[in-house]
Amino acid sequence: QVQLVETGGGLVQPGGSLRLSCAASGFTLDYYSIAWFRQAPGKEREGLSCISGSDGSTYYADSVKGRFTISRDHAKNTVYLQMNGVKPGDTAIYSCAADRSYYCSGYGWWASSEYEYWGRGAQVTVSS
């Protein structure tokens, strides 16, 4: 059964760092594109980053480019989101999602509707 489980969330101070993990089971990362999303109360879900299953190509939203980094570990079947220089505006529930495609969609990898499988999310709170 396809499952995605996020871990690594928690409280972090502004300017600090955090690494989220998305452990996948029931499928291999080679054949799926994996994306990270976040949603804060009262706001729309925002696509942050995507990594292609075929070649590991990565994509980022402007809001996190240069601060967040997506990566994968095939041996552990896990995708990571390294968050550096976090801001209070980064506070949200962070979720990973999978699309059964070799590549992140150039038409909308940032759209929730592109993804078939979702984790339950992990809370990230940025506060001093």
Write down the atom of [X], the atom of [Y], and the distance for their closest heavy-atom approach.
X: Glu6; Y: Gly121; answer: OE1-N, 2.9 Å
X: Glu44; Y: Gln39; answer: C-NE2, 4.1 Å
X: Ala40; Y: Thr91; answer: CB-O, 3.6 Å
X: Cys104; Y: Ser52; answer: N-OG, 3.1 Å
X: Ser33; Y: Cys50; answer: CB-SG, 4.1 Å
X: Tyr103; Y: Ser54; answer: OH-OG, 3.4 Å

* How are the rings of Tyr102 and Tyr31 set relative to one another: parallel (under 30°), tilted (30 to 60°) or perpendicular (over 60°)? -> perpendicular
* **Gap separating the OH atom of Tyr117 from the CD1 atom of Ile34, nearest 0.5 angstrom** =>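 Separation between the atoms: 10.5 Å.
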* Asked: From Cys22 SG over to Tyr80 OH, what is the distance, rounded to the nearest 0.5 angstrom?
  -> 10.5 Å
* Could you give all pairs that pass the salt bridge (Lys or Arg N to Asp or Glu O under 4.0 Å) test and reach residues 54-63, with sequence neighbours left out? ->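 Listed by first then second residue: Asp62-Lys65.
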* Output every pair passing salt bridge (Lys or Arg N to Asp or Glu O under 4.0 Å) with a member in residues 69-88, not counting sequence neighbours, ordered by first then second residue. => none
Minimum side-chain heavy-atom gap [X]-[Y] below 4.5 Å:
X: Ile70; Y: Tyr60; answer: yes
X: Val124; Y: Leu20; answer: yes
X: Trp118; Y: Leu4; answer: no
X: Val79; Y: Trp36; answer: yes

* **Heavy-atom donor-acceptor pair, Glu116 side chain to Arg100 backbone, under 3.5 Å** => yes
* To do: Using atom types as modelled and distance alone, determine if a side-chain donor or acceptor of Tyr59 lies under 3.5 Å from a backbone N or O of Gly106.
  =>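 Flag not set: sc Tyr59 to bb Gly106 has no pair under 3.5 Å.
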* Asked: Regarding Ser63 and Glu46, is there a side-chain donor-to-acceptor distance under 3.5 Å anywhere?
  ->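 Ser63 vs Glu46: donor-acceptor pair found between side chains.
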* Asked: For the ring pair Tyr94 and Phe37, is the centre-to-centre distance below 6.0 Å?
  -> no
